[in-house]
Amino acid sequence: MELSEKVYRIVRQIPEGRVLTYGDVARMTGIRSPRVVGIFLHRNPDPAKTPCHRVVNHIGKVSSGYAFGGAEVQKKKLIDEGVPFVKDRVNLRVSLWIR
DNA sequence: ATTAAGGCATGAA
DNA sequence: GTTCATGCCTTAA
């Protein structure tokens with residue numbers, strides 16, 4: 001199985017209103033580099049099954065390039081799901097999905 | 001089967 | 001808050 005599928009699996013398991021960082025996803029998938037995760041999410045995103053909009057960088061800000069249409073959409077979706085945005089940033093302490 | 005290139009987030013000072 | 005440097009995986013020929 002390609003690691004990319006693993007990444008998507010994890011992302012799919014992210015509950016609504018919660019987010020993860022690329023680094024966390026990388027660790028869960030066993031990838032040694034978080035950048036690969038970002039590449040996967042940007043390259044082969046499955047809009048219907050892969051909520052890549054729930055993946056943000058370790059600062060809580062949405063990463064560059066959004067497969068669904070734009071970072072604004074991603075931000076809006078997150079807010080819509082109940083993720084509090086504070087000045088274009090998410091409170092990872094609160095919204096970060098833990099296991 | 002191998003080589004080559006591309007593209008992205010993290011950590012530390 | 002900023003800047004610098006790094007490694008890794010996928011796809012294509």
Side-chain angles (χ1 to χ4, degrees):
Chain A
M1 164 210 305
E2 287 135 38
L3 293 177
S4 54
E5 286 194 22
K6 267 187 162 185
V7 176
Y8 302 132
R9 290 261 155 71
I10 303 295
V11 177
R12 270 193 282 172
Q13 282 146 45
I14 300 177
E16 173 186 294
R18 220 115 280 181
V19 298
L20 271 182
T21 66
Y22 292 95
D24 291 334
V25 177
R27 286 193 172 201
M28 297 172 183
T29 53
I31 294 177
R32 302 148 155 85
S33 301
R35 313 164 202 174
V36 183
V37 179
I39 296 174
F40 292 148
L41 295 180
H42 292 168
R43 268 185 153 208
N44 201 355
D46 216 327
K49 301 164 190 178
T50 311
C52 56
H53 61 269
R54 293 190 196 144
V55 184
V56 297
N57 58 22
H58 70 299
I59 10 179
K61 208 174 163 187
V62 299
S63 62
S64 60
Y66 185 51
F68 290 108
E72 299 181 12
V73 181
Q74 177 174 3
K75 182 182 157 198
K76 192 187 173 200
K77 285 196 174 206
L78 288 173
I79 297 172
D80 217 29
E81 290 184 3
V83 180
F85 262 75
V86 183
K87 206 181 191 286
D88 286 22
R89 240 159 279 170
V90 186
N91 293 6
L92 295 176
R93 315 265 182 188
V94 184
S95 305
L96 183 61
W97 179 52
I98 314 160
R99 287 261 224 188

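Below, each value reflects all heavy atoms present in this structure, side chains not excepted, and no hydrogens, waters or symmetry copies. Within every chain, numbering begins at 1; the chains are lettered A, B, ... in the order of the sequence lines, protein sequences first and strands thereafter.
Protein atom OH of A:Tyr8 is 10 Å distant from nucleotide atom C1' of C:dT10, rounded to whole Å. The nearest whole Å value for the distance from the NZ atom in A:Lys61 to the C1' atom in C:dG1 is 13 Å. The CG-P distance, from A:Leu92 to B:dA9, rounds to 15 Å in whole Å. Taking atom CZ of residue A:Arg27 and atom P of nucleotide B:dG11, one finds them 8 Å apart after rounding to whole Å. The CZ atom of A:Phe40 sits 13 Å away from the P atom of C:dC8 (whole-angstrom rounding). Distance CD1 (A:Ile59) to P (C:dT2): 10 Å, rounded to an integer number of Å. The interatomic distance linking A:Tyr22 (OH) with B:dT10 (P) rounds to 8 Å, in whole Å. Rounded to an integer number of Å, the gap from A:His42 NE2 to C:dC9 P is 18 Å.
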Given side-chain contact (heavy atoms from CB on, under 4.5 Å), test A:Val83 with A:Lys77 step by step and report yes or no. CA-CA 9 Å; A:Val83 180; A:Lys77 285 196 174 206; over 6 Å; no

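Taking side-chain N and O atoms only, A:Ser33 has no distance below 4.0 Å to OP1 or OP2 of C:dC9.
Residues A:Asn91 and A:Val86 share a closest heavy-atom pair of OD1-CG2, 3.4 Å. When all heavy atoms are compared, the tightest approach of A:Arg54 to A:Ile14 is NH1-O, 2.8 Å.
Looking at heavy-atom distances under 4.0 Å, A:Leu3 makes contact with sugar-phosphate atoms alone, never a base.
For A:Asp88 and A:Lys75, the salt-bridge test passes: some basic side-chain N is under 4.0 Å from an acidic carboxylate O. Salt bridge annotation for A:Arg9-A:Glu5: present, with a cationic side-chain nitrogen under 4.0 angstrom from a carboxylate oxygen.
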For nucleotides 11-13 of chain C, tabulate all protein N/O to nucleotide N/O atom pairs closer than 3.5 Å, reporting atom names and distance.
none

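Between A:His58 and A:Ile39, the residue whose closest nucleotide on DNA chain B is further toward the 5' end is A:Ile39.
Atom CG of A:Asn57 and atom OG1 of A:Thr21 lie 8.5 Å apart (nearest 0.5 Å).
Panel note: side chain A:Arg12, backbone A:Pro51; no donor-acceptor pair is recorded below 3.5 Å.
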